[in-house]
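Here's the structure we're looking at; comments come further down.
Here is the naming used below: chain letters follow the sequence lines, and residue numbers restart at 1 for every chain. Note that the structure is predicted; figures quoted are calculated from it, not measured.
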There are 2 protein chains.
Amino acid sequence: MLSNEQLHLIEEMGVYHERRGMSPIPGRILGLFVVSDKDAYTFDEIKEILKISKSATSSALNFLVSTDRIEYTTLPGDRKRYFKWSPFKALENIERETNNMFSIAEMFRRAYELKNNKQSESANNLLMVMDFFNYMIMELPNLYNKWKRSYYK
Amino acid sequence: MLSNEQLHLIEEMGVYHERRGMSPIPGRILGLFVVSDKDAYTFDEIKEILKISKSATSSALNFLVSTDRIEYTTLPGDRKRYFKWSPFKALENIERETNNMFSIAEMFRRAYELKNNKQSESANNLLMVMDFFNYMIMELPNLYNKWKRSYYK
DNA sequence: TTTTTAGTTCTGTATTTGCAGAACTAAAAA
DNA sequence: TTTTTAGTTCTGCAAATACAGAACTAAAAA
């Protein structure tokens with residue numbers, strides 16, 4: 001079903017996600033979805049392909065669903081869940097990273113307010129970084145929209 | 001020296017970095033640099049303020065220096081190192097994140113090449129995400145440059 | 001009613017991590 | 001020459017993590 005090259009690439013993607021703080025199995029599941037030809041997998045298929053336990057499969061899938069990285073559909077008269085990777089959700093998540101910049105920018109703002117000497121080098125450095133973040137927070141949504149327009153035109 | 005609010009904010013920034021995969025102490029050291037008024041700290045000062053061991057201080061500082069998050073200067077006739085947060089390095093690191101997008105985009109490209117059916121939904125989904133990443137890799141440097149011009153004008 | 005299915009939850013464990021504390025080192029100072 | 005300084009490296013441990021395997025559950029099928 002999956003070639004050795006594909007399995008190897010899944011591992012690479014797993015490591016990529018691990019390096020950003022995700023645990024191994026969820027990262028590999030994401031890799032599986034990106035690499036494989038099938039666009040939906042059941043619990044048991046994922047478990048078998050990645051050779052992992054039911055408990056690990058269960059918690060990884062629930063984690064990925066709860067963090068909006070994958071989704072599942074069900075079929076009438078079929079209790080299985082069909083998990084799939086949603087590229088739209090993936091892009092939405094990247095866009096949501098802007099909120100993330102927002103949260104660190106907010107911490108920077110508070111740090112600046114707490115500075116005793118607002119003329120210090122340290123305060124000026126912080127002001128510069130704050131300016132950059134505020135700029136990105138303003139401009140990134142425009143960039144995303146520009147891409148959407150170009151993609152869907 | 002540092003108020004309770006400042007110490008609390010340092011912890012918050014530490015947690016922020018932890019959530020992105022950094023270990024606790026380096027994250028708090030970064031927080032210290034952002035929050036405090038002083039713009040340079042010695043090994044021992046950091047150790048005392050954060051109440052951590054020499055070994056933890058040593059490995060955290062070396063980690064932060066080696067990943068270009070902080071830097072240090074020395075003074076003639078003084079063996080101490082004076083560590084400081086460089087906002088320029090910080091911004092460079094954010095820019096360097098583009099390379100990071102480049103590495104995942106490259107994995108996507110390989111995944112696409114390995115697909116057996118390039119007409120599948122899965123293949124089309126991947127193409128879309130690849131298009132987005134390639135767009136961002138093209139456009140982000142322009143955005144950074146636009147900020148620089150606006151900031152330094 | 002019993003069995004199967006599609007999981008979830010619990011229990012235990014091997015591995016990893018994050019750190020402290022102690023021992024060590026190399027250069028400078030006394 | 002001995003002591004101090006500014007760290008680094010080593011040793012050991014407590015806590016967290018990531019998982020397997022077993023027990024469990026709730027709904028559907030037989």
Side-chain angles (χ1 to χ4, degrees), chain A residues 7 10-33 38 40-67 69-84, chain B residues 7 10-33 38 40-67 69-84:
Chain A
L7 290 171
I10 288 172
E11 295 300 313
E12 267 187 76
M13 291 189 177
V15 170
Y16 173 85
H17 286 109
E18 265 186 76
R19 304 219 327 162
R20 271 106 276 276
M22 192 179 290
S23 36
I25 291 185
R28 275 141 192 86
I29 293 179
L30 288 179
L32 168 63
F33 280 111
K38 268 180 96 163
Y41 279 100
T42 64
F43 186 103
D44 258 337
E45 286 170 339
I46 292 166
K47 175 183 169 302
E48 293 307 318
I49 293 170
L50 299 181
K51 298 176 195 344
I52 55 183
S53 70
K54 288 179 88 174
S55 55
T57 308
S58 176
S59 61
L61 288 174
N62 290 331
F63 167 74
L64 292 172
V65 167
S66 72
T67 52
R69 281 179 252 249
I70 61 172
E71 51 188 14
Y72 63 87
T73 48
T74 50
L75 297 175
D78 181 350
R79 265 195 303 145
K80 281 196 279 292
R81 291 185 291 174
Y82 294 86
F83 295 94
K84 46 187 343 197
Chain B
L7 290 170
I10 289 172
E11 294 302 312
E12 269 188 73
M13 291 188 176
V15 170
Y16 172 86
H17 286 109
E18 266 186 75
R19 305 219 326 162
R20 282 93 284 275
M22 192 177 289
S23 38
I25 290 184
R28 275 140 192 87
I29 293 178
L30 289 179
L32 168 62
F33 281 111
K38 266 180 96 162
Y41 280 100
T42 64
F43 188 102
D44 258 338
E45 286 169 338
I46 293 167
K47 175 182 170 300
E48 293 307 318
I49 292 169
L50 299 181
K51 297 175 197 343
I52 54 183
S53 70
K54 287 180 89 174
S55 55
T57 307
S58 176
S59 61
L61 287 174
N62 289 330
F63 166 73
L64 291 171
V65 167
S66 72
T67 53
R69 280 179 252 250
I70 61 172
E71 50 187 16
Y72 63 87
T73 48
T74 49
L75 297 176
D78 181 351
R79 264 194 306 145
K80 282 196 278 291
R81 290 184 292 173
Y82 294 86
F83 294 94
K84 45 186 343 195

Please tell me which of the listed nucleotides, C:dC19, D:dC19, C:dG18, lies nearest to the side chain of B:Ser53?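 Between C:dC19, D:dC19, C:dG18, the one nearest the side chain of B:Ser53 would be C:dC19.
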
About how many Å separate CD1 of B:Ile70 and CZ of B:Arg81, when rounded to the nearest 0.5 Å?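 B:Arg81 CZ to B:Ile70 CD1: 8.5 Å, rounded to 0.5 Å.
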
Return the CZ to NZ distance between B:Phe33 and B:Lys84, rounded to the nearest 0.5 Å.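 Between atom CZ of B:Phe33 and atom NZ of B:Lys84 there are 10.0 Å.
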
Would you indicate whether the side-chain heavy atoms of B:His17 and B:Leu30 approach each other to under 4.5 Å?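 B:Leu30 reaches B:His17 side chain to side chain.
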
When you compare the side chain of B:Phe63 with that of B:Met22, does any pair of heavy atoms fall below 4.5 Å?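 Sidechains of B:Phe63 and B:Met22: in contact.
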
Would you kindly give the [atom1]-to-[atom2] distance between [X] and [N], to the nearest whole Å?
X	N	atom1	atom2	answer
A:Glu18	D:dA18	CD	P	8 Å
B:Leu61	C:dG18	CG	C1'	15 Å
B:Ile25	D:dA15	CD1	P	16 Å
A:Phe63	D:dT17	CZ	P	13 Å
B:His17	C:dG18	NE2	C1'	18 Å

Dot-bracket, DNA chain D: Watson-Crick or G-U, under 3.5 angstrom, [ ] crossing, | other strand? ||||||||||||||||||||||||||||||

Salt bridge (Lys or Arg N to Asp or Glu O under 4.0 Å) against A:Glu11, all qualifying residues, sequence neighbours excluded: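 A:Glu11 satisfies salt bridge (Lys or Arg N to Asp or Glu O under 4.0 Å) with A:Arg28 once adjacent residues are dropped.
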
Quick one, give me the B/S/- string for nucleotides 4-16 of chain C, reading 5' to 3', where B means a protein heavy atom under 4.0 Å from the base and S means that only happens at the primed atoms, P, OP1 or OP2. -BSBBBB------

Specify the closest pair of heavy atoms between B:Tyr82 and B:Ala40, including all atoms of both residues, with the distance to one decimal.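 Heavy atoms only, the tightest pair is CB-CB, 4.2 Å.
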
Which pair of heavy atoms, one from A:Ala60 and one from A:Ile29, lies closest together, and at what distance?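 Shortest heavy-atom contact: CB-CD1, 3.7 Å.
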
Aromatic ring centroids of A:Tyr72 and A:Phe83 under 6.0 Å?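 When the ring centroids of A:Tyr72 and A:Phe83 are compared, they turn out to be within the sub-6.0 Å range.
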
Sugar-phosphate, base or nothing in reach of A:Lys51, heavy atoms under 4.0 Å: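 Answer is sugar-phosphate: A:Lys51 comes under 4.0 Å of backbone atoms only.
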
